[in-house]
Every structure is written in C-alpha cells, then in structure tokens.
Amino acid sequence: MARRRAVLAGLATALPGWRSGVLAPAAEARPRSAAAPISARADLGAFRRAEFDMVGVFDIDWLAEPRFSRMLDAMAASPGAFGAVRVFGVLNAGERENTFPVSSGTTWPAPEAPMDFAPALQGLEALVARGLTPFLPLAFFPAAVSPRPIAPPPDFARFGALVRGFLDAAVARFGAAEVARWWLEAWNEPNMPPFWGGDFGRYLGLYRATAEAVRAGGHRLRLGGPVIAWMPGEGPPLMRRFLEFLRDAPELPCDFLSYHRKGIWVAEEAEPRLARLTEAAEQTLALAREIVPDRLPGLVLVNNEADMKVGFDTPYAPRMDAQFPSWLAASAVAHTALSLRHGTRLLAAADNANQHLVRAPFDGRRALFTRTDAGPEDLLKLPVFGFYEMLRLLGDRVLAIEAGPELYEVATMGEGGVALLATLQGGAPRRLRREIAGLPWPRVNLAVFRIDATHGNAFAAAGRRMPGRVDAGAAGRLRQAAELGIGAPLRSGLVPRDGRLALDLALEPQATLLAWISPFDPAPPETPGGFRAEPRGADLLLRWRPLRAPGFYGYDLRRRDGGGPWRRIAPLPLRAADWTDTAPPRGALAYRLHAVSASGRRSRVATLAVQR
C-alpha cells in the first residue's frame, strides 16, 4: 500500500568537421579499436516503425481545441513520423478532462435517452483526417451505465450495448476498412484506483462484456487488454490471471496484450531504467507461452505507456531535454531486439501528447510541444519531437542491432537507403566507427542528424529553466533551435570504394544520432504544392502539402520584405511542411519555398505573396 500511495501522490501532484567524407570524432570521445562492419545485404528481420510511432492524449474532447489542432497539424506535416494516437474517453465524451476520469460526459445520460457519440466522432475525425490511427481504450462509464465513470455497475449488459453502439457509429462514420485499422483496448489500468473502482475480478467481467460486444457486432476489429499498471510485484500475477482467463474462455477475442511498464513506477526505483521495460516484456512473453501457447502466433505485446516516469502532469526536467528522445530511441532498439529474438511483435509508445496540461513554457509536463508566451496557439517543439523525425528515416529491414546496456544502436535498410540510429544511455562518450559494406549504389549521399545539448534542443537554447518565459522575440530564436539538428553539412554524390563507406561518429551520453546513407538521384524533387499563409495573432503560419519521396531531405524557406534581399527564415533542412514566421514585419511580404533532396537537388520554386 505504501508503494501504491507513492504512485498516486505522484499522479496527483556537436560534430566539429569532415574529413575524406567521414565524420571527424570529438576530441573527448573514447576511441574504439576497430570498425564494426555492417552489410547492406544483411537481413536480421523486420523493423516496423509503426511499433514506435504512437503518442498518447488523455481525453478525446481536447482534440478539436485550437492548440491540439495545431499540434496535430504539425504531426501530419511530417508524414511517416507519427502513425497512431492513443486517446481516452470515447465512451464518456462531451466534457474535457485533465488527468483523471471524473465526468460522466454526454454520451448516454440516462438509460431511456439515446446514445450520442457526436463528440467522440468529432475527435476521431481530427485524427483520421490527418492520417493518424486511433488507439482507443474503451472507457469510461457514462451516467446510463454507472453513477461514476470508474465504478463498475452490478452487471455489464448496458456497457456491452454501449460498446456495440459506439462501434456501429464508428463504422457508419468512417467505414469498416478504416475502423479495422484501429486498436481497441478494454479499459485502462484496472489495478489503479483513479481509473477503476472495482477489483481485478470485476475487470475480467468487463473484458468479457467488451469482447462479446465486439464479437456480436460482426465488425472486423482488433481488441486487447488487460492494460494493467505494471507496478513492481503486481505486473506478473495480474497478467497471469488475465491469461488464465483467456485460456478458460477460448471463444473471446484478444489480439494484443497491453500493459504499462515505465522507467519509474515507485519512488524506490529512483532513476529510469530501460531494463525494467524489457523485463516486463520478457515476463509477459514467458507467461503467454506457458498459459496460452495456441494464442501466441499473431499475438502482439503493447507497452503503450513506456515513459521514463509515472505522472504525466508532474513536472520532470528530462522530458524537456535530450534525455527523452534518447529514452525513446533506446526503447525502440531494445523492443526491436526482443521482437527479433522471440518472433513476436512488441510495441512501445509514450503517453506524451498531452498538450492541454502545459501551463507555461518548459513546465516539465509530458508533451511533444511547449507553449510560448507569444499566444495560446504558439507552440515550440521539444527535443522529443526529433525522435519521431528520425524514426521516419529508418528502413524496414534490420542490418545490425545492439541493445544496451549502454549503447543502443540499430542499422536498417529500406527504400530511402541505409539508416543507423544510435543513442547512449550511460557511461563515457564514445566514437562509433562503422563501415557500411555492400552498398548497391555507385553514388550515395550522407546526412547525420543529432539531438543533444546543442542540436535540436530548444530547452537547452532557452537556458534549461523549468518553467521559463518565452516571449515573441525568444520564440523566433528558439523555433530555429527546436528543429532536428544536423551534425555537419549534407554530403551528396559520394562514391563508395568497393561499395563501402566508413563512418566515424561521436556520441555522448543521452545524445541521439541518425546517420543516413541514401542513393544519389540527379532528378529534382517535386515542387511543394498548396503553399499558403494563415494569420495567427502577430505571426504567420506557413503551410504546404508535405512531400513523401524517399530521398526527401528538407525545405528551404526564404522571405523578402518589400524590395529587400531574400533571407532564409527557417533552418535547412526544415523537415516538416509548415513553419511559423514569428512576428514578420508589416507590409508586402514575399516567400519562396524549395524542396531539397538528399542528393542536393532543388525543386522548382513555390512562391507566395502576403500583404500585412
């Protein structure tokens, strides 16, 4: 009980240069004696970006709020970076909630009243319209089912009718094929009092009612559970009980096993450790093999709150800094290694898109963006956003992998080329000497992206104050620092010697880098379309249709004031298809936009004239 009380209290409350086409090491980095060859022809198995591209939002009613719309637009502006959004409250939608379910919502106010899923469907439309896949805990209770949103009723007949009504409404709105892509999860953390007012046996009754409603509806759907908080000492016995329940009810569907193992659940754990995540995955796999071996083929494991620390409303400085992307990169590598070893898909995601909780710039709450003082919709990317930008460059075939305990590294091959993702979770700085062999292209390009103390890190650029103040002047400066950093200029048209290219990369603790080797292509990229400007207070939000070509490197965006010279107003490369021009001058403005390929080719120009 002391541990449980501690958890509940927490819930309430640079690369220097180039030589011979190879990155020069930092002087302080610890040398390694020999290169580690990586063959571009190797195939250790699949790398699935979709297993790590999900983010979380607490309440679906927030998704139509202007700040969330801005966040979702920014996510969609980087296609391939984000794939899914886990969002609560589809069954008790209608009233915005912050951290815990306390409202019954407006979905079903009384047994004799009709069900109204309009608020939930509006939130889902915000995701689907942007190409994002919903991951939906089927929770919480509206008033027609229970007087409290977390109190289980005497029987689950009305809850089953509610689930079936929601699924019918979702299929009618979005179509059966779209809803079949979604993830449906029976409840959330049925072993935590803020989310469940009964015991675990009552939860098993709710799972049965949910599964029977899904099956009776006749729709092709994906359902899972038990969504337990994997607290020390509680995770394995509760997962065992759920699996024994499934063994004894073979008629009930279960497509994935979900749980929440964080780097820190209780105060005694002190510092986040990735080993806690992989231990929970290994224990779940072992239990599934023992108890439901017939279900194991095709069964997916989902740690959908694999964050550093519990308490997404509790300020925590590492969420603001380079440590968070390093954690997610290491988690992706570690779970990929487990997937390859066991032949089972493992998903690991963070509950980190809770923009409604951010009260002040860099306030330490779990989010992809922080707000600024320049306006309620003015958002600034946190370093964690850069992890997802790196993720979009990884291929679908694993060439090599190393999963800790300090260095986490994976090399992949895909349509876009060879990508090597590496992060260091501890120890001393290192040099990574890597030779990529068997490259099938006569000429290649080399780019290196970094997130560390001086790259892709607006929090560091702002002076690491939590919370801080970011006025309009600081917002313009920090917006530049927030974009995914580059370790050195892009090198295009390199000629590999005998199909080999050597890399010499400096890596510091809690830094993350991605080296990208892509085939040289002399053709210019597609010209960006849909170039437009939207006034946002004193700012202009510039947007255009994002490019998805495998060789895409970034955008070159420039502005001219009146008859003056053209000036670049965003970093090159700008990876996302939008940019906030902070407090541009009044009068006649002209903008020029080029897409730039990794081969150094520029598209035809897209132009825009604005009168302010």
Side-chain angles (χ1 to χ4, degrees), residues 54-65 68 72 84-109 113-130 132-146 148-150 152-153 156 158-176 178-190 195-196 203 206-207 209-211 213-214 217 219 221-225 227 255-256 258 302 304-305 349 351 353-354 356:
M54 183 169 69
V55 298
V57 173
F58 179 67
D59 185 41
I60 197 166
D61 293 297
W62 285 98
L63 291 182
E65 193 264 347
F68 269 83
L72 294 175
V85 175
R86 183 171 182 256
V87 60
F88 291 81
V90 293
L91 300 184
N92 68 325
E95 296 181 23
R96 291 175 182 169
E97 299 186 285
N98 284 332
T99 55
F100 299 120
V102 296
S103 167
S104 297
T106 61
T107 299
W108 198 10
M115 300 178 194
D116 179 11
F117 297 105
L121 297 176
Q122 181 185 11
L124 292 169
E125 179 67 37
L127 301 181
V128 173
R130 293 172 173 88
L132 298 167
T133 299
F135 193 119
L136 305 178
L138 294 174
F140 297 97
F141 298 127
V145 176
S146 173
R148 293 177 56 224
I150 66 166
F156 293 110
R158 286 182 188 159
F159 181 74
L162 176 71
V163 169
R164 185 166 177 179
F166 168 71
L167 296 176
D168 288 344
V171 169
R173 176 72 171 268
F174 301 104
E178 169 61 32
V179 177
R181 297 175 54 246
W182 300 0
W183 300 74
L184 306 173
E185 193 171 40
W187 212 254
N188 177 72
E189 294 186 356
F195 298 104
W196 182 246
Y203 168 73
L206 178 134
Y207 187 91
T210 305
V214 166
H219 307 302
L221 301 170
R222 180 163 45 186
L223 177 70
V227 215
D255 302 293
F256 60 92
S258 57
V302 182
N304 44 23
E305 292 188 18
D351 184 18
N354 297 290
H356 64 294

Would you call V302 and E185 a side-chain contact if the rule is heavy atoms closer than 4.5 Å? no
Answer whether the closest heavy-atom distance between the side chains of L184 and V163 falls below 4.5 Å. no
Determine the sole option in F174, F166, F135 for which the ring pair (Phe, Tyr, Trp, His ring centres under 6.0 Å) test with W182 is passed. F174
Short question: side chain of [X], backbone of [Y] - any donor-acceptor pair under 3.5 Å?
X    : Y    : answer
D61  : E97  : no
H219 : A176 : no
T107 : A93  : yes

Could you check whether atom CZ of R158 has more than 12 heavy atoms from other residues, nucleotides or ligands sitting under 6.0 Å from it? no
Please say whether more than 12 non-hydrogen atoms of neighbouring residues, nucleotides or ligands are located less than 6.0 Å from CD in E178. yes
If you take all heavy atoms of L162 and F117, which pair is closest and at what distance? O-CZ, 3.8 Å
Determine the minimum heavy-atom distance between A113 and W108, stating which atoms define it. O-NE1, 2.9 Å
Look at the rings of Y203 and W196 and say which category their plane angle falls in: under 30° parallel, 30 to 60° tilted, over 60° perpendicular. perpendicular
Could you tell me how the ring of F140 sits relative to the ring of F195: parallel (under 30°), tilted (30 to 60°) or perpendicular (over 60°)? parallel
Go through L127 and T133 one step at a time and tell me if the side chain to side chain contact (heavy atoms under 4.5 Å, CB included) criterion holds. CA-CA 7 Å; L127 301 181; T133 299; over 6 Å; no
